[in-house]
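Structure first, commentary second.
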Amino acid sequence: AFAVPVLFVIWWTRRGKDQRPLKHRVIAFAAGIAFAFDMIAWHNAIHDIGAGLATLLANTQVILVAIAAWLFFGDKPRRTVVAAIPVVLAGVALVSGIGQGDAYGENPLRGTLLALAAAVFYTMFILVMKFANSARAPAAGPLLDVSTGAVLTLLVLNAYGAAMVG
């Protein structure tokens, strides 16, 4: 939230160089909404399974971005990335402890699902931002749009008590 006024001032001074159409600004705003949901899911996963495991599981977004970029943009991943997918998924299953009596955390199943949801939301954020900034605008513009989308989403969800599930 603190960044929005600063980003606005920076963007305002360079607005003439920001040639993105309104559609791209709205899409960047939507990316901010996805980022807000990523933060909510990740922070709730931390509550359920701890910071280390939640972060490890949320970082499966690397694999999800590769797969989604291949499906939606035709960016074919290298063979090593494709070969790593089953290994990463097996690791997720083992590390999460799902189905084991000694799984870590207050709520291992919910925490794992929230961390994986965070990975999905972050994947959406990355891919939507790739499209939203295809015009290569100065960084302050897209960052302002994303930050505004995220802050407003978090404010609305917090007002309704929906930002935290724990």
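Bear in mind that the values here come from a model prediction, so they are computed numbers and not experimental data.
With rounding to the nearest 0.5 angstrom, the CG atom of L22 is 9.5 Å from the CD1 atom of I27. L143 contributes atom CG, which lies 15.0 Å from atom CZ of F8 (distance to the nearest 0.5 angstrom). Taken to the nearest 0.5 Å, the CD1 atom of I85 stands 10.0 Å off from the OG1 atom of T80. Of the inter-residue distances, the one linking T112 atom OG1 with D48 atom CG reads 9.0 Å to the nearest 0.5 angstrom.
With a 4.5 Å cut-off on side-chain heavy atoms, H47 and L114 do not count as touching. A heavy-atom distance below 4.5 Å is not found between the side chains of F35 and F121. In this structure the side chain of K130 never reaches within 4.5 angstrom of the side chain of V65, judged on heavy atoms. Residues V92 and L116 form a side-chain contact, since some pair of their non-hydrogen atoms from C-beta on lies under 4.5 Å apart. Annotation: side chain of N59 is in contact with side chain of Q61 (closest heavy-atom distance under 4.5 Å). Residues D38 and F125 fail the side-chain proximity criterion, which asks for heavy atoms closer than 4.5 Å. Side chains of L57 and I49 form a contact here, defined as non-hydrogen atoms less than 4.5 Å apart. Between Y122 and L64 the shortest side-chain heavy-atom distance does not fall below 4.5 Å.
Both the sub-6.0 Å distance and the 45° axial angle are not jointly satisfied by R20 relative to the ring of W11.
Atom CZ of F29 has more than 12 neighbouring heavy atoms from other residues, nucleotides or ligands inside a 6.0 Å radius.
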